[in-house]
Amino acid sequence: MAKVYITTAIPYMNGVPHIGHAMDYCLADVCARYHRLVGDDVRMQAGTDEHGNKIQQKAEELGIPVKQYVDENSAKFKDFIARLGVEYTDFVRTTDVEHERCVQEIWKKLSGHIYKATYAGWYCTGCERYATEKEYEENGGVCPDHNKPYEKFEEENYYFRISDFKDKIREAIESKELLILPEYRAKEMLALLEESPDVSISRPKAQLAWGVPVPGDDSQVMYVWMDALANYITVLGYPESDISEWWPATAEFVGKDILRFHSIIWPAILMGLGLSLPKALVSHGMVLADGQKMSKSIGNVVDPIEVINRHGVDAFRYFFLRHIDTFADSDFTWEKFDNAYNNELANDLGNLVQRLATMFKKHNIKFEKHNVEIEKQYTELMECYEYSKAMDFVWEKVQNLNRKIDEEKPWTLAKAGEMEKLSACLNELGNGIVGVATELTPFIPSAAQKILAVFDIEVTPPLEPLFPKK
Ligand code: MSP
């Protein structure tokens, strides 16, 4: 039994969840459930990123004390994760005293790689990072992601000497000791690494009060990413406890927009601490709404709770794990979502289960259940984090089972009184469904459990449709 530790990016607490936030949670949850399915011992972290300019500014704008604001938002994210049917084992808030204490210890351990200098640069609060001169010029002084002019910061800060680790990070990425997925993103990260300067990792308290104090210097607080990245290990108790049972992480799930922090600063921090690197950084694409980036100003932000309420949590997970590609940007539209629900879940899967179970019952056929064998091709896709492809693979089997019913027309066997043939046919189909439901367990756990309960020792047709049409 392998020990598997899985992490999710911790969202900023400057707003409420949107559908994009579901991606890290759902993908990591699939990973966790898959590993449990194959017998591994799994730990999974989730949490909330609660420091930084962005959050402080938003709370000030709303006239709410910052702590109260992050408390409220963090609770909303916890509820959201529960609504997604996502099961984590550990939850970290970056304002937890334990986390803050551990981050300060981490800072001290890295002190040989930290120096103080005056910096003048262009900052984007939306990204919570400095733009390079090249980016600043190429973008005409305006952050393309947030559509806001970069702000000029000139202040005395602490720096983290990324240059101490560049060669080792490059080697780790090239040798795939740190596997970056999708693989074409590794090249982008290597290019960014080459041009990456040392990173400013603190800000004067006068500019930013909402952060973890720098140990031994009352005038400075830590840069939010320094504090946030450390969550993956502070939640395990580092440096106060031995984390070797769980670290390195098997997979860290992040959006492509924050892969750069995880491919450069994070490995440098870990190397500075003498810790191993995560085995894989799995970066997913962005969820678009009607072909556009979601934004409050465009007014196209999709509320995930509304999506869950429309057809239930399994339908949400199904859509976001299959029709939102695991790696590429993909589009959410209500029409696509409704079509996937009606055509695929209700017709392909729901009807199949209903029709088959009804035939078992009606003709009093005994179900001879085989041991489930998870297919090699499925395993290979799951091990490579190709989750949308794994779902396509399972769905092909769903289609094949439907085709088999249409071709073999078991009801004609019943009419002709060929009960042995009928039993063989239904049993093959029933075992096929059990295989499908088992492989769907990580994706749509509650529907998969319901299907497995229908095809248990006896076959009990569902009293209500699994996916009622609306
Ligand atoms: N706080 C940082 C993460 C720190 S991890 C040590 C952050 N927060 S975020 O709220 O902006 O994003 C949280 C996660 O949600 C990231 O993985 C990000 O890529 C993801 N997404 C945010 N918007 C998204 C979409 N529209 N689509 C898909 N994922 C998106 O970055």
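In listed order, ligands and their atoms are each counted from 1.
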Ligand 1 N/O to protein N/O, distances under 3.5 Å:
from: ligand 1; atom 1: 1 (N); to: Ile10; atom 2: O; distance (Å): 2.7
from: ligand 1; atom 1: 1 (N); to: Asp49; atom 2: OD2; distance (Å): 2.7
from: ligand 1; atom 1: 8 (N); to: Tyr12; atom 2: N; distance (Å): 3.3
from: ligand 1; atom 1: 10 (O); to: Tyr12; atom 2: N; distance (Å): 3.1
from: ligand 1; atom 1: 10 (O); to: His21; atom 2: NE2; distance (Å): 3.3
from: ligand 1; atom 1: 17 (O); to: Asp24; atom 2: OD2; distance (Å): 2.6
from: ligand 1; atom 1: 17 (O); to: Gly255; atom 2: N; distance (Å): 2.9
from: ligand 1; atom 1: 19 (O); to: Gly255; atom 2: N; distance (Å): 3.4
from: ligand 1; atom 1: 19 (O); to: Asp257; atom 2: OD1; distance (Å): 2.5
from: ligand 1; atom 1: 26 (N); to: Val287; atom 2: O; distance (Å): 3.3
from: ligand 1; atom 1: 27 (N); to: Val287; atom 2: N; distance (Å): 2.8
from: ligand 1; atom 1: 29 (N); to: Gly20; atom 2: O; distance (Å): 3.2

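Residues Glu50 and Asp96 are not in side-chain contact: their nearest non-hydrogen atoms beyond the backbone lie 4.5 Å or more apart. Using a 4.5 Å heavy-atom cutoff, the side chains of Trp246 and Tyr238 are not in contact.
Note: Trp122 and Tyr136 have parallel aromatic rings, judged against thresholds of 30 and 60 degrees for the angle between ring planes.
A salt bridge is defined here as a Lys NZ or Arg NE, NH1 or NH2 lying under 4.0 Å from an Asp or Glu carboxylate O, and Glu155 with Arg203 meets this definition.
Note: Tyr130 and Tyr119 meet the aromatic proximity criterion, with ring centroids under 6.0 Å apart. In this structure, His323 has its ring center under 6.0 Å from that of Tyr318.
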